[in-house]
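Quick note on labels: first sequence line is chain A, next is B, and so on, each numbered from 1.
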There are 4 protein chains.
Amino acid sequence: MPHTTDGDGGEPRRQRADARLNIDALVEAAKAVFAESGVDAPVRSIAERAGVGVGTLYRHFPLRSDLISAVFRREMDACVAAATDLEAAYPPGEALDRWVMRYTQFVATKRGLAGALHSGDPAYEPLAEYFSTRLAPTLERLLDAATESGEISQRVVAGEFLGAVANLCHDGGPTPSRSGGRAERMVRLLLAGLRSEDVG
Amino acid sequence: MPHTTDGDGGEPRRQRADARLNIDALVEAAKAVFAESGVDAPVRSIAERAGVGVGTLYRHFPLRSDLISAVFRREMDACVAAATDLEAAYPPGEALDRWVMRYTQFVATKRGLAGALHSGDPAYEPLAEYFSTRLAPTLERLLDAATESGEISQRVVAGEFLGAVANLCHDGGPTPSRSGGRAERMVRLLLAGLRSEDVG
Amino acid sequence: MPHTTDGDGGEPRRQRADARLNIDALVEAAKAVFAESGVDAPVRSIAERAGVGVGTLYRHFPLRSDLISAVFRREMDACVAAATDLEAAYPPGEALDRWVMRYTQFVATKRGLAGALHSGDPAYEPLAEYFSTRLAPTLERLLDAATESGEISQRVVAGEFLGAVANLCHDGGPTPSRSGGRAERMVRLLLAGLRSEDVG
Amino acid sequence: MPHTTDGDGGEPRRQRADARLNIDALVEAAKAVFAESGVDAPVRSIAERAGVGVGTLYRHFPLRSDLISAVFRREMDACVAAATDLEAAYPPGEALDRWVMRYTQFVATKRGLAGALHSGDPAYEPLAEYFSTRLAPTLERLLDAATESGEISQRVVAGEFLGAVANLCHDGGPTPSRSGGRAERMVRLLLAGLRSEDVG
DNA sequence: CATGAATGAGCTTTCATTCAT
DNA sequence: TATGAATGAAAGCTCATTCAT
């Protein structure tokens with residue numbers, strides 16, 4: 001239900017000069033639809049949910065990946081920012097754990113995110129790029145610190161680890177997290193594995 | 001067209017033999033196509049590869065999941081069977097590790113398997129069921145033994161763990177495993193996590 | 001109204017094992033639609049007119065050019081065949097004239113033919129090819145004969161001449177030939193030009 | 001915003017000057033775009049090239065034909081004007097030839113002009129009208145003179161002849177005139193035909 | 001007057017699924 | 001029992017055109 005600033009209760013049909021409102025409505029709709037049906041959901045369904053025509057969607061987000069980026073970017077940024085706080089507040093090992101769980105919570109609500117990341121579809125390149133340039137370096141920093149402080153002994157490639165966590169969040173189905181914390185439990189296992197002396 | 005009836009020992013029931021041949025061809029074709037294009041590959045491509053009409057495919061496998069099940073059942077059975085050998089040949093902890101890696105190798109070649117398992121699409125229920133009734137108990141047994149022998153300290157729900165491993169194998173894209181062993185590395189981390197004293 | 005061989009007056013809805021009937025209906029429909037709206041007419045309109053689904057059209061004619069070819073090929077062949085008769089029955093010059101007028105009549109009813117031929121759209125390549133390999137050599141033979149007999153003095157490239165005639169038939173509009181013989185008159189002028197001693 | 005009224009001599013009516021500038025830019029842009037992509041080119045591409053909004057385009061040229069007319073009118077006028085000079089400088093027959101070639105050169109650079117002229121689309125009526133009222137009478141005069149002087153023997157309807165020449169210039173495709181002079185050659189043939197004693 | 005955001009019809013193409021033969 | 005032709009519902013994407021600002 002976009003355009004709430006209409007002021008009167010009449011037909012909320014006509015356009016707002018401020019495309020911003022529509023853009024916001026689209027991003028919001030996309031977020032919801034992605035959560036419900038994954039990132040491959042029909043473009044039309046997003047436009048409908050936002051209460052705009054498909055043309056409008058295409059105007060603002062010519063590529064599907066543009067919309068995906070718009071949906072995820074802000075949350076990713078918040079995730080990245082959170083790392084700094086955690087680093088300041090906790091010892092390296094705990095900061096690492098907490099951040100990974102933070103990241104897990106973010107990614108757990110994004111149905112299809114992992115799929116998109118690994119789809120090979122060039123449309124998702126920008127998203128993968130964002131992962132590599134923003135999230136991966138963040139995790140790397142946390143890993144470095146925890147390694148230096150001797151709290152973890154296994155080294156992993158940051159990008160790989162992020163991908164793994166994203167995969168573990170693949171809950172599938174229209175009722176994500178129905179299995180209550182499955183993903184979290186497995187991620188904790190992964191984190192525990194980092195402390196192990198030798199692997200395989 | 002002799003012997004429309006089944007069980008006589010003479011001419012060994014032509015009709016059914018033909019059907020069997022078609023079924024085998026379909027399963028074989030599906031296996032190849034699934035590996036190439038994932039379990040969502042067009043039905044037609046499977047029928048074509050098998051050299052039969054789509055109608056024939058539908059006759060034998062009315063649901064897509066029927067075909068998927070048929071494709072994976074045999075390999076799953078082999079996987080289950082392997083557990084017995086490993087249990088006999090290795091101490092519980094090592095048997096567990098080896099079996100999980102065995103399972104990993106199986107699942108790694110099944111593009112879209114994990115996705116299907118968690119898709120929520122009722123069409124894949126039977127497949128999930130097979131997982132629960134065959135693979136999960138097997139892993140559970142191995143976990144129990146390793147717990148009893150004190151080699152692992154973390155308990156996990158077998159089905160959850162299997163799902164997690166399947167998810168970790170999600171390489172996506174047309175170039176599965178291009179990242180060379182990513183999945184295996186993460187699975188080993190998960191296994192290492194099982195040995196950890198406390199998690200999270 | 002395809003499927004007239006149904007035999008009874010009932011609902012003529014169900015499919016005929018003989019796709020031939022549908023193919024014929026499609027070609028017939030395409031011919032009509034092309035004549036009315038040109039070769040760029042929506043695929044759907046052709047399918048509708050033929051009384052079949054779009055899928056059926058795509059099955060038989062995956063490329064638009066396939067349909068175009070099907071529509072024009074037979075008539076082109078007939079045109080080519082006519083040349084032999086004319087060569088036998090008339091002196092070279094007259095045979096040439098008569099054949100060109102024959103060709104004119106064929107092409108005059110094909111709205112958009114010339115446009116398609118020169119569109120540069122690779123979809124129409126096969127059609128252009130057919131022109132080059134079937135019609136052009138035919139005209140060339142006629143031109144050669146008329147030149148040898150001294151009846152024409154100007155030489156032209158056969159393909160160019162055919163294209164020119166096709167262009168001249170561009171009557172446009174939903175009422176082709178409303179201008180009653182305009183194209184024919186101009187083609188005759190072109191033929192007369194071939195007799196001229198010097199040009200430009 | 002001073003001087004909303006027109007005709008005062010002071011500040012030379014800002015509003016209208018701006019509008020004039022936009023109109024000119026639009027006509028110029030349309031000319032370029034038509035030449036590149038034909039007269040069916042997307043409206044938006046023209047507006048963009050002119051650096052104005054589509055709304056502005058629609059304000060000044062509500063119908064596509066309005067824009068087409070505006071684009072061609074000036075050149076048509078120049079073409080018409082050229083006739084006078086040629087009539088003065090050359091004998092009737094030669095004047096005719098030269099003018100037709102002049103017209104050919106004009107029309108050859110207008111991709112889609114012929115198509116538009118004969119499209120039957122009422123949107124192009126005004127353009128056709130301009131042809132009839134300006135160009136056709138010009139050619140008619142030249143034809144009359146050449147007939148009178150005995151240089152040509154065939155009579156043709158001027159409008160028909162103009163249309164034929166336009167059609168012959170239909171090169172179509174993204175590489176107009178790649179065939180180097182095809183159109184000119186055919187037009188000369190047409191002119192030669194006018195000299196012929198009898199046709200068909 | 002100018003702008004360009006919004007709309008939505010319309011086109012192509014793909015595929016799951018049915019069913020006449 | 002097998003076949004594959006037929007169907008038609010999607011889905012993506014592109015403009016022409018309107019109209020709030």
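Residue B:N22 places none of its side-chain N or O atoms closer than 4.0 Å to OP1 or OP2 of F:dT1.
When the nearest nucleotides of DNA chain E are assigned to A:H60 and B:R64 by heavy-atom distance, the more 5′-ward of the two goes with A:H60. Place D:G51 and C:P42 on DNA chain E by their nearest nucleotides, and D:G51 ends up nearer the 5' end. Toward the 5' end of DNA chain F, the nearer of the two residues D:P62 and A:A41, judged by each one's closest nucleotide, is A:A41. Nucleotides of DNA chain F nearest to B:R59 and C:T56 differ in position, and the one nearer the 5' end is that of B:R59.
Here the closest heavy-atom approach between residue D:A50 and residue D:A25 is recorded as CB-O, 3.6 Å. Between B:V54 and B:V43, the shortest heavy-atom distance links the atoms CG1-CG1, 4.2 Å. The heavy-atom pair separating D:L26 from D:L67 by the smallest distance is O-CD1, 4.3 Å.
A donor-acceptor distance shorter than 3.5 angstrom exists from the side chain of A:R64 to the backbone of A:V39, with no hydrogens or angles considered.
Distance A:L63 CG to F:dG12 P: 13 Å, rounded to the nearest Å. Counting to the nearest Å, the C1' atom of E:dG8 and the CG atom of A:L57 are 13 Å from each other. What separates CG of B:D66 from P of E:dA16 is a distance of 15 Å, to the nearest Å. A straight line from CD1 of B:I46 to C1' of E:dC15 spans 12 Å, rounded to a whole angstrom. Protein atom CG of C:L21 is 12 Å distant from nucleotide atom P of F:dT7, rounded to whole Å. Distance, D:R44 CZ to E:dT3 C1': 12 Å, rounded to whole Å. Separating the CZ atom of B:F61 from the C1' atom of F:dA2 is a distance of 15 Å, rounded to the nearest angstrom. If you take CG of D:D40 and P of E:dC11, they are 15 Å apart, rounded to a whole angstrom.
Of the candidates F:dA2, F:dT17, E:dT13, E:dT13 carries the atom nearest the C:V54 side chain, counting heavy atoms from C-beta on. Listed nucleotides F:dT3, F:dT18, E:dA2 differ in distance to D:Y58; the shortest reach to its side chain belongs to F:dT18.
Using a 4.5 Å heavy-atom cutoff, the side chains of C:I46 and C:F34 are in contact.
In this structure E:dT21 sits in a base pair with F:dA2, meeting the Watson-Crick or G-U test at under 3.5 Å.
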